[in-house]
Amino acid sequence: MSRLATSFVLGYHGCDQRVADALIAGTEAIKPSRKPYDWLGPGTYFWESDPARALEWAEEKVLRRDYEAAAIVGAVIDLGHCLDLSNRSNLEIVRRAHASFVAQQALSGFPLPENKSVKGQPNEDRILRFLDNAIFQHLHDSIDDLIADEIEAQRYDTVRGSFTEGDRLYPGCGFHERTHVQIAVCNPECILGIFKPLRV
């Protein structure tokens, strides 16, 4: 389940220039995200093998005035025990987590969160992934509960998913301009090193 592919990958993290400088200098640790709309649940997010997309994302944050200056850092990541969503058996684990979460929400009387589009963007992109985030959080919590009950279980170190996003590259094709692979690192020990990319 977790070791069906090469374990080490290069990931790229978009951030503010001040943060990038601190990460490279080693004066600051890279921080995980816990936003309720994160695509792969809680973790530190990287674009796999795509520094240009990481920089593009950081530049969008500058336009929204979230960052002062766009920058990226690279990381050597050991995927470890990875919930890789390109693997059929791992997709089945997520399907079962969804069914469990739906049952839990129904029992408690809470509504299911929904994935939503940002205002002004097409519906198909639904980049605010409230439901998906809740499913991954539920899956992690369920594993933590098993471990707490002294039942043999293993936490996921990373979650890896491929996403089709953006406009089609050309009419009638199956390729999209922002298709990418994202990695959410849940276990910070899997980030083996941070580096400054020489080029994007």
Side-chain angles (χ1 to χ4, degrees), residues 11-16 19 30-73 75 77 82-86 90-106 108-144 156 158-169 174-188:
Y12 297 89
H13 180 77
C15 56
D16 188 83
V19 173
I30 198 162
K31 292 186 175 81
S33 178
R34 295 194 175 278
K35 295 182 181 75
Y37 51 80
D38 285 334
W39 292 24
L40 296 171
T44 304
Y45 277 74
F46 296 90
W47 308 89
E48 183 179 319
S49 305
D50 198 346
R53 183 65 185 103
L55 182 59
E56 183 181 54
W57 183 86
E59 289 169 343
E60 291 168 4
K61 298 282 275 184
V62 171
L63 291 175
R64 293 197 304 265
R65 300 179 190 264
D66 295 332
Y67 294 167
E68 287 185 22
I72 61 170
V73 295
I77 302 166
C82 179
L83 183 66
D84 187 342
L85 303 180
S86 67
N90 287 347
L91 288 170
E92 188 56 36
I93 290 168
V94 176
R95 188 197 315 270
R96 291 200 311 264
H98 172 263
S100 169
F101 181 71
V102 168
Q104 176 182 289
Q105 293 297 96
S108 63
F110 293 123
L112 282 176
E114 296 178 27
N115 292 341
K116 297 180 180 179
S117 294
V118 172
K119 190 175 180 181
Q121 288 200 342
N123 259 346
E124 61 185 288
D125 266 356
R126 295 188 191 274
I127 64 171
L128 300 174
R129 308 262 177 134
F130 296 100
L131 175 62
D132 296 343
N133 182 282
I135 301 305
F136 287 113
Q137 185 64 61
H138 176 73
L139 176 57
H140 292 306
D141 291 345
S142 299
I143 292 169
D144 287 345
Y156 287 105
T158 57
V159 181
R160 179 179 181 272
S162 178
F163 297 95
T164 301
E165 186 187 4
D167 295 331
R168 293 183 185 274
L169 284 179
F175 306 106
H176 294 252
E177 63 183 11
R178 291 188 171 192
T179 296
H180 62 275
V181 174
Q182 260 186 352
I183 299 168
V185 177
C186 309
N187 178 359

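Along the sequence shown, residues carry numbers from 1.
Listed here is the closest heavy atom pair of Pro188 and Cys186: CD-O, 3.5 Å. The shortest non-hydrogen separation linking Pro113 to Phe101 is CD-CE2, 3.8 Å. Phe130 approaches Asn115 most closely through the heavy-atom pair N-OD1, 3.2 Å.
Atom OH of Tyr67 is separated from atom SG of Cys15 by 6.5 Å, given to the nearest 0.5 angstrom. Here Glu56 contributes atom CD and Glu177 contributes atom CD; the two are 8.0 Å apart, rounded to the nearest 0.5 Å. Atom-to-atom distance recorded for Gln137:CD and Asp38:CG is 10.5 Å, nearest 0.5 angstrom. Note that the CG atom of Asn90 and the CG atom of Leu83 stand 5.0 Å from one another [nearest 0.5 Å]. Distance check: Phe163 CZ to Gln182 CD gives 5.5 Å after rounding to the nearest 0.5 Å. To the nearest 0.5 Å, the span separating NZ on Lys116 from CZ on Arg129 amounts to 14.5 Å.
Salt bridge present: Arg178 and Glu60 bring a charged side-chain N and a carboxylate O closer than 4.0 Å.
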Requested in this report: Dump the intermediate steps for side chain to side chain contact (heavy atoms under 4.5 Å, CB included) on Val185 and Phe46, then the final yes or no.
Outcome: CA-CA 8 Å; Val185 177; Phe46 296 90; 3.8 Å; yes

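Ring centers of Trp57 and His180: at least 6.0 Å apart, outside the cut-off.
Side-chain polar atoms of His13 and Thr44 form no donor-acceptor pair below 3.5 angstrom.
Counting heavy-atom neighbours within 6.0 Å of Glu68 CD, excluding the residue itself, gives a total of 12 or less.
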